[in-house]
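Below is one structure, written out as structure tokens; the observations come after it.
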Protein chains: 2
Amino acid sequence: MTVMGDDEGVRERKRRETRQRIVDAGLKLFGRHGYEATTLDAIAAEAGISRRTFFHYFKSKDEILISMQAGLGEQLSAALRAQPAHRPPLDAMRAALLALVAPYSPESLLAIDRLMHSSETVQARKQASYIRDEAMVFAALREHWPDEPEPQMRLLASFAIAAVRLSLDTLSREEGRRPLGTLLEESFEALEALARHR
Amino acid sequence: MTVMGDDEGVRERKRRETRQRIVDAGLKLFGRHGYEATTLDAIAAEAGISRRTFFHYFKSKDEILISMQAGLGEQLSAALRAQPAHRPPLDAMRAALLALVAPYSPESLLAIDRLMHSSETVQARKQASYIRDEAMVFAALREHWPDEPEPQMRLLASFAIAAVRLSLDTLSREEGRRPLGTLLEESFEALEALARHR
DNA sequence: GAAATTTATGCACTCAGTGCAATATATATT
DNA sequence: AATATATATTGCACTGAGTGCATAAATTTC
């Protein structure tokens, strides 16, 4: 007998839970022994699944970490679409980024950042995923501001992702002294100054 | 008896030649069967060395391709240092990039670009190497223009690499219709327009 | 409750990459 | 020219990531 319409079947719930157990196991072991030294066997054991099953949830070991920062593209695109279309895209981007970033705590961002730096392949994959984010943001820009010239929108998308990347870098370099929002603002000011200063 | 001071010993010459044979073998086989389907055994055989020896020349399979685009950071840094220090950095960057890019033919750039797209790992490594280039360019900027604010120089380095990346993308998308120099100019104009337009 | 789908697992396999020890080749020394 | 030393090449055995396939277990559908 089904008691309440939770609209999520047992299958979906279990799948979500297992996925989470894998992520937890991965983060725990990566944190303890480092990324490279942690084998998939160990992660599978810790998560209570077989090694083979791991690959039904993630295509590769690094995906565990990449999944942590996945969603930047989608989220930023969504935040952009929430902006009024009559605003200049650069201003809209600034607002969207600030809104997006507000909920994150520096500590959690720093912790993830540290793990990302522990392996070359992870580092590489992270950059690649930024490129995907960039493409997604570009698509959103084109859709929302179809009259703006394409090269400018490509550059804006690229700048937005670079701003996030540089701000996270600086956050990490400064060990969280200044909040991410401030660092993002700094990037926008740098952009204006750079273009004006000639 | 040594006949002429070629200043390159047999050892160095052989090493250079072997490295080149590996690259040639790799490109040939990647082009024929694709990146993933080409094993290191096949490359080693084609280059006339043992599989183990391959790893004395490259850390990994993807390095063969990455080595193709390596040097962007160094070259751009050098081109920057050749610019007069009283010029505004953005103008200097534009000149440096245009000078740097002039000698390359669209065909060779397109061919390499196609190979880079054939594998996810290669793609990822390529992006990672862009990040290293960016860091190198930033260092050169700071050295040459120590009085400019740091965030602006970080952003400029990031913009320069993004401009190269976007221009190569467009070159590939347009199948070489417009030369790389033109596309780079377009990026610089987009930057100005983007920052002004508010 | 039976049939159809989806998920979990074991097994055998390929291939990238590493450590180590032995051999071959190039350079330096006398 | 012979020898010592440094560097390059190779084979071998190993670890670990990732895939294909076939089978068993669980979930959903009817």
Side-chain angles (χ1 to χ4, degrees), chain A residues 1-22 25-26 29-30 33-67 118-125 128, chain B residues 1-22 25-26 29-30 33-67 118-125 128:
Chain A
M1 65 193 172
T2 343
V3 176
M4 282 199 48
D6 226 344
D7 106 308
E8 183 195 53
V10 177
R11 216 164 234 170
E12 279 156 322
R13 198 197 69 237
K14 278 198 170 180
R15 196 169 174 81
R16 200 173 32 75
E17 286 171 352
T18 302
R19 190 186 163 90
Q20 191 56 50
R21 279 209 317 285
I22 295 176
L29 296 179
F30 292 158
H33 311 293
Y35 176 83
E36 307 280 7
T38 305
T39 69
L40 287 181
D41 278 311
I43 295 174
E46 178 78 27
I49 57 170
S50 76
R51 203 179 81 92
R52 194 64 186 79
T53 298
F54 169 86
F55 290 102
H56 288 149
Y57 288 86
F58 296 93
K59 279 210 315 282
S60 58
K61 188 175 158 185
D62 43 47
E63 261 204 6
I64 297 176
L65 287 176
I66 297 306
S67 76
S118 65
S119 147
E120 278 220 17
T121 37
V122 173
Q123 193 66 8
R125 294 279 178 183
Chain B
M1 67 194 173
T2 343
V3 176
M4 282 200 49
D6 225 344
D7 106 310
E8 184 196 52
V10 176
R11 216 165 235 169
E12 279 156 323
R13 198 197 69 237
K14 277 198 171 180
R15 195 169 174 82
R16 200 174 31 76
E17 286 171 352
T18 302
R19 190 185 162 90
Q20 192 54 51
R21 279 210 316 284
I22 295 176
L29 296 179
F30 292 158
H33 312 293
Y35 176 82
E36 307 280 6
T38 304
T39 69
L40 287 181
D41 279 310
I43 295 174
E46 178 78 26
I49 56 170
S50 77
R51 204 179 80 92
R52 195 63 187 79
T53 298
F54 169 88
F55 289 103
H56 288 148
Y57 288 86
F58 296 93
K59 279 211 314 282
S60 59
K61 187 175 157 185
D62 44 46
E63 262 205 7
I64 297 176
L65 287 176
I66 296 307
S67 76
S118 65
S119 148
E120 278 222 16
T121 37
V122 173
Q123 194 65 7
R125 295 279 179 182

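The model shown is predicted, which means the values in this text are computed figures rather than measured ones.
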Chain B reaches DNA chain C, atoms under 4.0 Å from its heavy atoms, from dC15(C) to dT27(C)
Using whole Å, report how far CZ of Phe58(A) lies from C1' of dA17(D). 16 Å
Arg21(A) vs Thr18(A) side-chain heavy atoms within contact, under 4.5 Å: yes
When rounded to the nearest 0.5 angstrom, what distance separates OG in Ser67(B) from CZ in Phe58(B)? 4.5 Å
Below 4.5 Å, heavy atoms only, C-beta onward: do Phe55(B) and Leu40(B) meet side chain to side chain? yes
Nearest whole angstrom, please: distance from the P of dA8(D) to the CZ of Phe55(B). 17 Å
Which atoms of nucleotides 9-12 of chain D (N or O only) lie under 3.5 Å from a protein N or O atom, and what are those distances?
residue, atom, partner, partner atom, Å
dT9(D), OP1, Tyr57(B), OH, 3.0
dT9(D), OP2, Tyr57(B), OH, 3.1
dT10(D), OP2, Ser50(B), N, 3.0
dT10(D), OP2, Thr53(B), OG1, 2.8

Using a heavy-atom cut-off of 4.0 Å across all strands, would you classify Thr121(A) as base, sugar-phosphate, or nothing? nothing
Let me spell it out: for each of Arg11(B) and Lys59(B), pick the nucleotide of DNA chain C with the closest heavy atom. Which residue's pick is nearer the 5' end? Lys59(B)
Quickly work out the Arg13(B) CZ to dA8(D) C1' distance and round it to whole Å. 15 Å
How many whole angstroms separate atom CD of Glu120(B) from atom P of dT19(D)? 11 Å
Less than 4.5 Å apart, any side-chain heavy atom of Ile64(A) and any of Phe54(A)? yes
With side chains defined as the heavy atoms from C-beta onward, is the minimum distance between Thr121(A) and Lys61(A) less than 4.5 Å? no
Any donor-acceptor N or O pair under 3.5 Å, side chains Ser60(B), Asp62(B): yes
Check whether any side-chain heavy atom of Glu46(A) sits under 4.5 Å from a side-chain heavy atom of Ile43(A), and report yes or no. no
The test is salt bridge (Lys or Arg N to Asp or Glu O under 4.0 Å); show your working for Arg125(A) and Glu120(B) and say whether it passes. CA-CA 9 Å; Arg125(A) 294 279 178 183; Glu120(B) 278 222 16; 3.2 Å; yes
